[in-house]
Amino acid sequence: MLVSEFMLQQTRVETVAPYYGKWLKRFPGFAALADATPDEVMLAWKGLGYYSRARNLHRTAQMVRDNHGGELPEDPVALRSLPGIGEYTAGAVASIAFGRRVAAVDGNVRRVLARLLDLPHPTPAQLRRAAARLLDPDRPGDHNEAMMELGATICTPRAPRCGECPVAASCTALAAGTVSRRPAPRPPRQVPRVDYATVVALDPAGRILLAKRPETGLLADMWEFPSARLTPPPASPADRRSPSETRTTQPERAAPTPAALAHLAALGYHGQPAATLAPVRHAFTHLRATYHPIVTFCENEGRDARDHPGPTTTWINPAHLDGYALPVAQQRIGALLTAWIAGNRPRASG
DNA sequence: GACTCGTGGAA
DNA sequence: TTTCCAAGAGT
């Protein structure tokens, strides 16, 4: 249940389903997960997104092993202290798995309560009080699941089916005619557009260069083709409050070559662009990225990550790309590269 | 309270 | 094609 709760944070059931079974087979319990390496954990989470969840679940497994005798604590306060377990997950696990009398307020329950009580801007404290007051003390787990299921199937964000709702008679927002505006949606923010030059370096043996991302921030601890930002950093958060009517003047297509070669030189390699692959677009939660992949032939002077400072890098056989934790956009670049190599194989003998 | 942090699917 | 999310947690 802990694995499913981690995976379901901000993620749909249909997306999680294929990962869940494979994960439990790969890591059958806390001990197996705790003993795994970070790379093994990231590889199993590859493609699921919000990768800090994987690192936190890994750390939680190690804390369960080292501090809790190998068994997950049942007390919601103890659960709350584990990495990646917040107020919601602690309440869900404690009530559903262990029968503790605590509420679990997720996005669905928040919406249900906001409508039942007609609260436009419910605070976490208001939601905690309301959920605790309504909780069925005899069946807290079933109650919490029922609240979430009600929000997922009847009390939906758009087009709620109030005619089928079992608690419609108690719904304050329904009586007031404000259901569609409860809770009030937050005003949209402008999403920055960012262009990256992506270096696909090929050595004479046909191997490609990968770099490991920093252990914090976007796509932490994931592998990627070395990339350099082409567009200036986004404006300060306060400057992008308004909707997208004022689209920033980003170039439709950035010129990638100089920055790409500069980045490559910074890594200690030099070469000439052999081809430019099709741009790859990818929408993150708060960022819309466009990667401009450049294929370049490089002399691999037998160097690897231990021979020079800077980011961790490694040369790999393109056929082994699946063995590395690459985010989705980088996997797409890898697919483009594979196709390009296949189309250029006859000329590669020189 | 504001902000960061992925992805795929529906509208 | 673009928007808007969906079973949150950490800073």
Side-chain angles (χ1 to χ4, degrees), chain A residues 1-20 42 45-57 59-60 79-93 95-96 103-112 121-125 127 141 144-153 155-159 183 185-194 213-222 224 233-241 243-245 247 252 280-290 325-332:
Chain A
M1 178 181 175
L2 194 69
V3 170
S4 74
E5 289 295 348
F6 268 72
M7 289 186 169
L8 287 167
Q9 288 167 6
Q10 299 288 281
T11 309
R12 297 170 181 277
V13 174
E14 313 86 73
T15 304
V16 165
Y19 285 86
Y20 179 73
M42 298 311 293
W45 202 275
K46 176 179 68 173
L48 197 49
Y50 283 140
Y51 296 100
S52 65
R53 296 182 295 174
R55 183 213 293 262
N56 285 335
L57 183 54
R59 290 172 54 204
T60 281
L79 286 167
R80 180 71 176 78
S81 71
L82 294 168
I85 299 183
E87 200 66 33
Y88 160 75
T89 303
V93 171
S95 65
I96 299 171
V105 179
D106 69 348
N108 285 311
V109 178
R110 176 176 181 269
R111 184 172 58 254
V112 168
H121 302 285
T123 68
L127 293 168
N144 286 331
E145 288 198 275
M147 291 288 285
M148 290 187 268
E149 196 67 9
L150 182 62
T153 61
C155 196
T156 50
R158 284 167 297 198
R186 57 170 295 188
R189 276 188 303 165
Q190 184 176 348
V191 178
R193 267 71 167 175
V194 182
R213 293 182 58 85
E215 49 189 47
T216 59
L218 187 69
L219 303 171
D221 274 338
M222 302 289 283
E224 68 176 359
S236 66
D239 290 340
R240 46 190 172 86
R241 262 310 145 64
S244 58
E245 59 180 53
R247 178 168 181 173
E252 284 302 316
V280 171
R281 296 188 226 284
H282 187 80
F284 295 94
T285 301
H286 58 291
L287 196 69
R288 188 172 170 82
T290 304
L326 264 64
V328 165
Q330 302 294 313
Q331 295 179 46
R332 302 228 308 270

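Order of the sequence lines sets the chain letters (A, B, ...), proteins ahead of strands, with each chain counted from 1.
Between His286(A) and the phosphate of dC3(B), there is no side-chain N or O to OP1/OP2 separation shorter than 4.0 Å. Side-chain N/O atoms of Arg189(A) include one lying less than 4.0 angstrom from OP1 or OP2 on dT4(B). At dA6(C), none of the side-chain N or O atoms of Gln10(A) fall inside 4.0 Å of OP1 or OP2 (strictly under the cut-off).
Closest-nucleotide positions on DNA chain C for Arg12(A) and Gly84(A) were compared, and the one nearer the 5' end corresponds to Arg12(A). The residue among Asn56(A) and Leu8(A) whose nearest nucleotide of DNA chain C lies closer to the 5′ end is Leu8(A).
In the model, Glu5(A) has a side-chain atom that pairs as donor or acceptor with a side-chain atom of Tyr88(A) under 3.5 Å.
Residue-level contact check: Glu87(A) touches the backbone only, with heavy atoms under 4.0 Å from sugar-phosphate atoms and none from bases. Among the heavy atoms of the strands lying under 4.0 Å from Val13(A) is at least one base atom, whether or not backbone atoms are also near. Across all strands shown, Pro157(A) has heavy atoms under 4.0 Å from sugar-phosphate atoms exclusively, and none from any base. When heavy atoms are screened at a 4.0 angstrom cut-off, Arg288(A) is found touching the sugar-phosphate backbone but no base atom. Within the nucleic acid shown, Gly151(A) has no heavy atom closer than 4.0 Å to any nucleic acid atom.
On a pure distance criterion of 3.5 Å, no polar donor-acceptor pair joins the side chain of Thr89(A) and the base of dG8(C).
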